[in-house]
Amino acid sequence: MTSISSNTPNASGSLNIEQLNVAFDDKKILQDFSLNLNEGEILCLLGPSGCGKTTALKAIAGLLEVQQGKIELFGKLLKKNAFELPPEKRDIGFIFQDYALFPHMSVAQNIAFSLKGQPKAAIEAIIKQNLAMVHLDGLQERYPHELSGGQQQRTAVARALANRPKLLLMDEPFSNIDSQVKQSLMSELRGLLKEHNITCIFVTHAKQEAFAFADKTAILNQGKLVQVDSSQKIYEQPKDSFVAKFMESGNLIPCQQLPTKLFAKPLPEHDESGFCLLHENGFVLNAEQGEKAVVKDCLYMGYRYRLEVTMNGQSLFIESDNRFDIHSELTLKYQHQPVWVAK
Amino acid sequence: MRLFKPASINFLSLTSGLLALLIFAPVLALMYESLFSSEALNDDTFSNLAQTVLWDYLANSLQIVGCTLVFACLFAIAPAWWCARYEFKGRSILQWAMVFPLAIPAYISGYIYTEALDYAGPIQTFLRDVFNWQSPADYWFFDIRSITGASLMLALALYPYIYLLMRNGFANQSDHLEHAGRLLGADERRIFFSIRLPLARPALAIGCTLVAMESLADFGTVHLFAISTLTTAIYDSWLVYGSLSTAAKISCLLLLFVVSLVWLESRQRKAQKHYDLKGSHGLSKKIPSRGKLLLIWGVCLGIITLGFIIPVLTLVGYNLDYFTENWNSTLWQHSQHTFTLAFGAALICTALALLFNSNHRFVPNKLNLAQQNVASIGYAIPGTVLAIAILIPLGTMDLTLNAWLENWQMDSVGLIFSGTSFALLIAFVIRFAAIANGSVHAAYQQIPPNLDLAARSLNTKSWRLFKDIHLPLLTPATISALLLVFIECVKELPAAILLRPFDFETLSTYVYQFASDEQLEHGAAAALLIIVVSLLPIFVLSRTQRMS
């Protein structure tokens with residue numbers, strides 16, 4: 001359905017955000033937040049609770065006061081200095097964590113809300129089209145309380161896309177969905193956004209959702225963007241120890257305590273004050289030469305085991321194909337390239 | 001979840017079931033009396049009434065309900081929205097001051113405004129002096145002793161029900177809905193009319209049914225203004241024509257309307273459940289513009305002045321003029337009677353509420369829930385109707401008892417049930433059991449069922465579970481139940497007028513006697529007492545809401 005995608009002059013640089021600053025009562029919630037997004041790209045804003053994710057979304061949508069910064073969407077200025085475009089003129093779709101469906105309106109009325117003033121036939125056509133798009137055909141007369149969580153979310157999607165917004169913002173859209181249906185719903189929604197080339201930012205605190213849904217991930221910590229990259233790059237090459245810990249990328253060993261026997265080749269130059277990241281699946285367990293370690297615990301993880309071992313007085317987690325008894329001895333060798341992580 | 005063995009429940013269930021039935025019995029007696037009693041079959045007072053004025057009375061009653069609703073909505077809705085939406089200096093005081101008029105019984109305002117707006121009153125005298133009018137024929141002036149006037153008085157006393165419900169209704173609406181609406185292209189005006197107001201509709205409907213019930217049940221104001229309605233017809237049938245069956249028949253007619261209002265209300269409460277969003281944070285406040293602020297203060301202060309300040313100042317004035325006459329031993333004696341009776345009723349209501357609710361907690365089956373609902377029915381019954389309904393069984397009991405005594409050649413004991421304050425006590429208990437029940441019920445629902453299971457797993461016996469776990473957690477609710485019932489009993493007028501024994505007055509009937517004799521000056525002390533007592537729950541409520 002080409003009707004949903006917006007016809008834009010330039011394909012790249014659909015959303016430009018420069019130096020956004022938001023504060024409540026002198027408390028800085030968002031600091032120098034800058035972001036660029038291409039048309040059709042899906043960005044995940046990832047971070048622990050209270051890091052300012054939702055504030056960032058609301059700032060983009062114009063739902064709260066922004067002290068400083070510039071926002072541009074497909075060449076249209078949304079915010080610059082004292083100028084603020086009111087939210088209803090921004091062409092932004094928003095899906096709230098609780099979906100915010102109007103409880104006194106049917107599914108069809110919810111979807112039609114943004115279409116006021118259009119001819120009746122056109123409205124009915126869009127309702128039908130959007131219901132089909134989210135697979136809710138036949139449910140247009142239902143009320144929100146008569147829908148399941150997943151159906152409510154689909155309704156929210158259909159409503160948000162009804163007036164063809166240029167940008168879709170989603171605030172923890174999957175947090176109220178049962179884990180059994182979450183995966184299929186995510187891939188379905190991603191397919192939909194891709195099919196219609198919709199630019200989207202979504203917020204979550206679960207890295208699995210970033211992996212499954214986003215093209216790009218931005219890590220936010222205490223109001224500041226730490227790293228913006230593909231999800232894989234962020235997971236495998238975190239910029240600093242916060243990102244590594246938040247993404248649970250692997251074992252972080254202070255560089256000064258790194259046993260040299262663990263590595264096959266001599267280590268390259270690195271910053272001694274930082275950390276070395278050792279991925280859990282990068283170890284050989286019974287090497288001829290290496291660092292001695294003792295198994296503390298062995299957990300079955302489905303086809304694989306996760307060992308907790310003590311090496312050199314430090315606790316490490318290691319992935320293994322085989323089971324080991326507690327107290328058994330291992331000779332460890334790290335076969336991947338170590339990743340250096342700033343403090 | 002059954003926490004008790006069936007054998008141990010039976011006694012508790014049986015007791016509370018029996019009590020619930022006793023509370024319901026007068027309504028059954030009312031129906032029997034109006035349909036099957038020998039008097040009902042032979043007396044033609046009702047058919048005479050029905051052929052002449054009854055339908056006019058009904059029309060008056062309905063007109064009063066309609067007008068009161070219109071006025072009450074006018075007073076309530078805009079201030080409710082302003083207090084929920086805007087933040088400004090003095091809002092927390094203003095939003096509670098808007099509830100104060102609830103403390104002024106409508107018949108007291110009615111009396112005071114009649115005095116003020118009368119031909120001989122200060123306002124008309126002033127106008128005549130200014131414009132040099134000589135007689136009533138020279139000008140038109142609003143006649144307060146009319147259906148419109150009575151409705152206005154009732155609306156001034158009752159609008160806080162709608163105001164409170166609407167204010168909460170607006171304040172609990174999620175900001176997300178407004179945000180969603182704006183991002184979908186709606187401006188503030190459209191958001192108010194297509195989202196905010198429709199979402200507050202159940203609250204409005206509940207408020208309106210409450211106001212409708214109260215205005216339908218009103219006796220004091222309409223009687224004072226000499227407007228014939230169904231309630232005054234019941235009063236006249238019994239006290240003037242002496243026909244209990246006619247009073248019972250009109251009561252049944254009135255009940256028909258009440259039952260439909262109750263049904264409407266329960267439907268709206270169900271609708272409201274769907275409108276409450278899970279995890280919503282409520283409405284965030286905005287700063288009003290200067291013009292808006294002026295409008296808010298102007299309108300709200302105007303309403304409070306009309307509904308509260310003018311009546312209270314007038315009563316204070318009366319008191320200063322007649323201080324020594326008013327604060328006398330008679331007032332002291334009536335206060336003592338009233339407070340003792342009200343406290344007794346409050347104790348019984350609260351005990352019943354604890355019994356019904358713990359019974360339902362321990363054995364949560366439909367029968368026990370039904371008991372609670374049956375026991376709560378009295379609140380919907382207009383005081384006049386309830387009085388008639390109680391007179392029927394108590395009168396029969398008196399007659400039967402005295403007949404027995406005569407049979408056994410003993411002295412008659414007189415009307416020990418229907419002719420003493422016992423009847424009044426029963427009426428208060430039946431009418432206000434629902435208030436205590438509501439308070440305790442809400443608190444019981446706050447106690448997680450797992451607490452009971454935890455106590456049971458620690459080998460706690462049923463009585464100890466109630467005494468050591470439930471009761472301490474229910475203490476605030478129990479106290480507020482006591483207080484609320486007490487206050488309602490002090491304020492109650494129509495049932496008290498019909499049921500009070502000879503030479504016995506409650507504060508309300510005492511004030512009302514003076515008002516209907518056009519001498520409220522002498523009842524002003526008692527009236528102020530009633531108002532002060534009625535203000536108590538408003539202060540308690542405002543404190544608890546501010547703390548939470």
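Each chain gets a letter, A, B and so on, in the order the sequences are listed, and its residues count up from 1.
- For B:Arg190, the part sitting under 4.5 Å from any heavy atom of chain A is the side chain, from C-beta outward, and nothing else.
- Between the CD atom in B:Glu178 and the CG atom in A:Leu63 there is a gap of 9.0 Å [rounded to 0.5 Å].
- Within 6.0 Å of NZ in A:Lys28 there are 12 or fewer heavy atoms belonging to other residues, nucleotides or ligands.
- Heavy atoms of A:Lys89 lying under 4.5 Å from chain B are absent altogether.
- Nearest heavy-atom pair, B:Ser194 versus A:Phe113, reported as atom, atom and distance to 0.1 Å: OG-CE1, 3.6 Å.
- Heavy atoms from other residues, nucleotides or ligands lying under 6.0 Å from NZ of A:Lys76 number more than 12.
- Here the NE2-CG distance, from B:His176 to A:Asp171, works out to 6.5 Å after rounding to the nearest 0.5 Å.
- Atoms CZ and CZ, on B:Arg182 and A:Arg90 in that order, are 10.0 Å from each other to the nearest 0.5 Å.
- Contact detail for A:Pro103 and B:Leu177: the closest heavy-atom pair is CD-CD1, 4.0 Å.
- Proximity to chain B is limited to the side chain of A:Phe96, based on heavy atoms less than 4.5 angstrom apart.
- Rounded to the nearest 0.5 angstrom, B:Leu184 CG and A:Lys116 NZ are separated by 13.5 Å.
- Summarising the local packing, CD of A:Glu84 is surrounded by more than 12 heavy atoms from other residues, nucleotides or ligands at distances under 6.0 Å.
- Taking all atoms of both residues into account, the shortest heavy-atom contact from B:Ser174 to A:Asp98 is OG-OD2, 4.3 Å.
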